[in-house]
Amino acid sequence: MSQSTNPTTQFQTDANRVTADDDRRSFLRSSLRGYQTTRTATQERFLNYESARIAAGDAKWEAIENLDTYLAQFADKLEARGATVHWCNDSEEARSAILEIIKKHDAQSVIKSKCMTTEEIHLNDLLEKEGFEVVESDLGEFIVQLREEAPYHFVFPAMHLKKEEINTLFQEKLKSINTNDPEELTMVAREVLRQKYLSADIGISGANFGVAETGMISITENEGNARLTTSLPKVHISLMGIEKIIPRLEDLALLLPMLATAGTGQHLTCYNSQLGGPRQEDESDGPVEMHVVLLDNHRTRLLADPEQRDALRCIRCGACLNVCPIFKNVGGHTYGTTYQGPIGSVITPHLRGLKDWKHLSHSSSLCGACSETCPVKIDLHHHLLRNRRDAAGKGQGGIGEKILMVGFTIVMRRPWLYRLAGGLGKLGHVLTKPIHGTRIDPFYAWKKTRDLDDPAKQSFKQYWKSRK
Amino acid sequence: MSRDAILGRVREALSVKTDAHVREVAKKSSHSLPVLANGPDGRTQAVKEFLPFVGDSLEDHIAAFKVLSEKLQTEFIVVPTIEEARQTLERLRQQHQWKRIGVHDHELVQSCVDQLQVEFLNTSSNYDARELEKCDVGVSGCDALIAQTASALVTNHSAGGRALSVLPPHHVVVADASQMVTTMADGFALIREKHDEKWPSFISFITGPSRTADIERVLVLGAHGPKKLTIIMIAA
Ligand code: SF4
């Protein structure tokens, strides 16, 4: 990622660099093709996948539209089971809540299972600055942490890396053996991390869902690292956004298979665990303390938008990234956001400000593949359009765009001017032909990424006349 | 307090109703397919009516469980009697040369392992996780087997705590055919009934051995949890 401070410039620079890297792009594409094949096969086993999407979406609608009731219920139930719930308005509050728990226990080391929300609040930076050892236990996260980079994709954090690169990384950072075999590489990580689970004082996890009815969090994972993280250390902290709530336990029976199918193409992820409270009196293991840190961080701002609150129903399966032509071409890091792809482009302007992040809504082909694939039927591509509308409405369209639109209106309202402009355009195209593709072409920058065909010999108007 | 502040903002945000068009889009299907009534019951029904079909009889369920287990690389063994379950465990002991095994106070588990010539670690009361880590296998019971997903549903009561079924490199589940249910929703209903609102602090659906595909999408078993999962079901 470039260090540029302006997100728009950073996006453009990185997008240009990544799109020029044919090798990496085809690597990405072939891995996403594999995902598509598995997913199609799994989806075909459903009696009725389309109807299941509507039902799954309904569970999240019910939760979001009654969020006040369900959130309160969730917290009350959890606390009745001996867990502590921390309500945090923003990143700052969440970071200090977590830091305080860690300090109170005099902890040395922290083990984490995958949690994008901790990326959102930049937790690792803080903890490391405070002198704690923080280890990511999900394999993909572990790899990108060693590389000191951000996750590339919020479900497949290390999907951009080739096994040779991981081999080099492990040799360098872990003094491991020289091997390009994914199995051997995985075992290297397994050995390193085993010891960490047993010695860590604190386990930090995310939550895929928060069940209001019973006061439980639900965690979905394949590796078993989240189970170990929430079983062995004496304190378990879970950080979750307030939108993760679902009404009832049974809703998981629908949502978990949908999450797996859309997310990785599995019919169900390997471990789906529901945790409600610390170790109880009649239980033989588990953490002695459980803390659930609830984070707003502008989610209520998104909730206040009667159209785009739709996006709070997201179950973070990652499917919309996997099918997105923009993601496939510019890659995950280019977004510069915690949540990449279409869903990231929809919510980031709400969470971090429209002014700096509106460009994401323009990096879309509006093909609608994201909305089509979303397991809970979020109207993603229309929300991108709504963001564009809102940016224009707030006068954030830029002066150039405004002049262009005024000019366009003038021309379109006057048929004679329209004809004249059409003729001049054609003439200009023919006259500038010798310099097309060179830097002295006045439209060089625009044409760099676009092809402009020769205009038709006959305009539509002329054609229509001759037809009669 | 932040609780009031956040809930207050949520309430204020929700005082404006969701845009009717947006709400409609999520309900409509371009394929004009059946839609169940909205609400909790509709959703539970959806699990049966829209998700994969696995039949209604025990034979159907076992057949479906077998097919998925093969895909998941779960070793699913159906035996007619407890006696054969005991023999199966003895065979596994020899095959994998188990020296130490983790177990818990569970009737079926105990009657299946009591003849094994190994060292035992019992996780039903306070135990040392480092000792469990040295075990070759953890043998546990379960609350249910789920036909639709080929999962073993466990809680810390039915599986000897949180770690027995995930820390050792091999996890063996022993179950009775009467524990086979159709969907995950049925599994939840069972636990609901059994514990009557006094929920265990840990519930998990275990679906195959631990796995990862984080390196170039190549499937590797035993990422952090067990490399092997064996489910022995007694169909008397
Ligand atoms: S918006 Fe839909 S497709 Fe995208 S991550 Fe969320 S649930 Fe998945």
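Every chain is numbered from 1 and lettered A, B, ... according to where its sequence line falls, protein lines coming before strand lines. Quick caveat, the model's predicted, so the values are computed rather than measured.
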Q: Say you draw a straight line from OG1 of A/Thr300 to CG of B/Leu14; how long is it, rounded to the nearest 0.5 Å?
A: 10.0 Å
Q: So which of A/Tyr197, A/Phe142, A/Tyr271 actually passes ring pair (Phe, Tyr, Trp, His ring centres under 6.0 Å) with B/His224?
A: A/Tyr197
Q: Keeping the roles fixed (side chain from B/Glu216, backbone from A/Lys163), state whether a donor-acceptor pair exists under 3.5 Å.
A: yes
Q: May I ask you to check whether B/Asn156 and A/Arg279 show a side-chain donor-acceptor distance below 3.5 Å?
A: no
Q: Side chain of A/Asp379, backbone of B/Val25: donor and acceptor closer than 3.5 Å?
A: no
Q: Start with the C-alpha distance between A/Gln274 and B/Ile191, add both sets of side-chain angles, then the distance that settles side-chain contact (heavy atoms from CB on, under 4.5 Å), and finish with yes or no.
A: CA-CA 12 Å; A/Gln274 290 77 50; B/Ile191 297 186; over 6 Å; no
Q: Which atoms of B/Val220 come close to chain A, meaning under 4.5 Å heavy atom to heavy atom: side chain ones, backbone ones, both, or neither?
A: side chain
Q: Side chain of A/Arg309, backbone of B/Ala13: donor and acceptor closer than 3.5 Å?
A: yes
Q: Less than 4.5 Å apart, any side-chain heavy atom of B/His21 and any of A/His382?
A: no
Q: What option among A/Ile166, A/Asp282, A/Ile378 has the most heavy-atom pairs under 4.5 Å with chain B?
A: A/Asp282
Q: Measure distances from B/Gln148 to the heavy atoms of chain A and classify the residue's part below 4.5 Å as side chain, backbone, both or neither.
A: backbone
Q: Let's test your reading of the structure: which of B/Ile203, B/Val16, B/Asp19, B/Val218 forms the most heavy-atom pairs below 4.5 Å with chain A?
A: B/Ile203
Q: Do you see a donor-acceptor pair shorter than 3.5 Å between the side chains of A/Arg81 and B/Ser201?
A: no
Q: Answer yes or no: is there a donor N or O on one side and an acceptor on the other, between the side chain of B/Arg11 and the main chain of A/Asp68, under 3.5 Å?
A: no
Q: Could you tell me which portion of A/Asn225 (side chain, backbone, both or neither) has an atom closer than 4.5 angstrom to a non-hydrogen atom of chain B?
A: both
Q: Looking at B/Ile206, B/Leu219, B/Thr123, B/Leu72, which one has more heavy-atom pairs under 4.5 Å with chain A than the rest?
A: B/Ile206
Q: Just verifying a value: how many Å separate A/Asn222 CG and B/Leu221 CG, rounded to the nearest 0.5 Å?
A: 10.5 Å
Q: Tell me, out of B/Thr18, B/Thr212, B/Ile146, who's got the most heavy-atom pairs with chain A below 4.5 Å.
A: B/Thr18
Q: From A/Ser199 OG over to B/Arg130 CZ, what is the distance, rounded to the nearest 0.5 angstrom?
A: 6.5 Å
Q: Pick whichever of B/Thr183, B/Val154, B/Thr155, B/Leu167 has the most heavy-atom pairs under 4.5 Å with chain A.
A: B/Leu167
Q: Could you tell me whether the side chain of A/Pro257 reaches within less than 4.5 Å of the side chain of B/Met184, counting heavy atoms only?
A: yes
Q: Below 4.5 Å from any heavy atom of chain A, which atoms of B/Leu229 appear? Answer side chain, backbone, both or neither.
A: neither
Q: Identify which part of B/Thr149 has an atom lying under 4.5 Å from any heavy atom of chain A, answering side chain, backbone, both or neither.
A: both
Q: If every non-hydrogen atom of A/Asn89 is compared with every non-hydrogen atom of B/Ser2, which pair is closest and at what distance?
A: ND2-OG, 3.4 Å
Q: How close do B/Arg217 and A/Ser31 get, heavy atom to heavy atom, and via which atoms?
A: CD-O, 3.1 Å
Q: Rounded to the nearest 0.5 Å, how far does CD1 of B/Ile215 lie from OG1 of A/Thr186?
A: 4.0 Å
Q: Between the side chains of A/Arg248 and B/Thr44, is a donor N or O closer than 3.5 angstrom to an acceptor N or O?
A: yes
Q: Would you confirm whether B/Asp214, through its side chain, and A/Gly140, through its main-chain N or O, come within 3.5 Å as a donor-acceptor pair?
A: yes
Q: Shortest non-hydrogen contact from B/Arg162 to A/Gly277?
A: NH2-O, 3.2 Å
Q: Give the member of A/Glu65, A/Met258, A/Met216, A/Glu62 that has the highest number of heavy-atom pairs under 4.5 Å with chain B.
A: A/Glu65
Q: Taking every non-hydrogen pair under 4.5 Å, which of B/Arg192, B/Lys227, B/Glu12 racks up the most with chain A?
A: B/Arg192
Q: Roughly how far, to the nearest 0.5 Å, is the CG atom of A/Leu47 from the CZ atom of B/Phe50?
A: 9.0 Å
Q: Less than 3.5 Å apart, any donor N or O on the side chain of A/Arg227 or B/Ser165 sitting next to an acceptor on the other?
A: yes
Q: Which one wins on heavy-atom pair count under 4.5 Å against chain A: B/Ala213, B/Ser151, B/Pro200?
A: B/Pro200
Q: Distance check, rounded to the nearest 0.5 Å: B/Arg211 atom CZ versus A/Thr269 atom OG1?
A: 10.0 Å
Q: Given that the side chain runs from C-beta out, which part of A/Met290 has a heavy atom under 4.5 Å from chain B: side chain, backbone, both or neither?
A: neither
Q: What part of B/Pro209 lies closer than 4.5 angstrom to a heavy atom of chain A: side chain, backbone, both or neither?
A: backbone
Q: Taking all heavy atoms of B/Arg3 and all of A/Ala75, pick out the closest pair and write down the distance.
A: NH1-CB, 3.8 Å
Q: Under a 4.5 Å cutoff for heavy-atom pairs, which residue among A/Leu268, A/Leu232, A/Thr230, A/Leu255 has the most contacts with chain B?
A: A/Leu268
Q: Which of the residues A/Glu141, A/Lys162, A/Arg190, A/Glu250 is involved in the greatest number of heavy-atom pairs with chain B at under 4.5 angstrom?
A: A/Arg190
Q: Chain B: which of A/Ser137, A/Gly57, A/Ala83 shares the most heavy-atom pairs with it under 4.5 Å?
A: A/Ser137
Q: Kindly determine whether A/Leu252 and B/Phe205 satisfy side-chain contact (heavy atoms from CB on, under 4.5 Å), including the steps that lead there.
A: CA-CA 11 Å; A/Leu252 289 173; B/Phe205 292 85; over 6 Å; no
Q: I'd like to verify something: which residue of A/Glu283, A/Glu221, A/Glu183 has the highest number of heavy-atom pairs under 4.5 Å with chain B?
A: A/Glu283
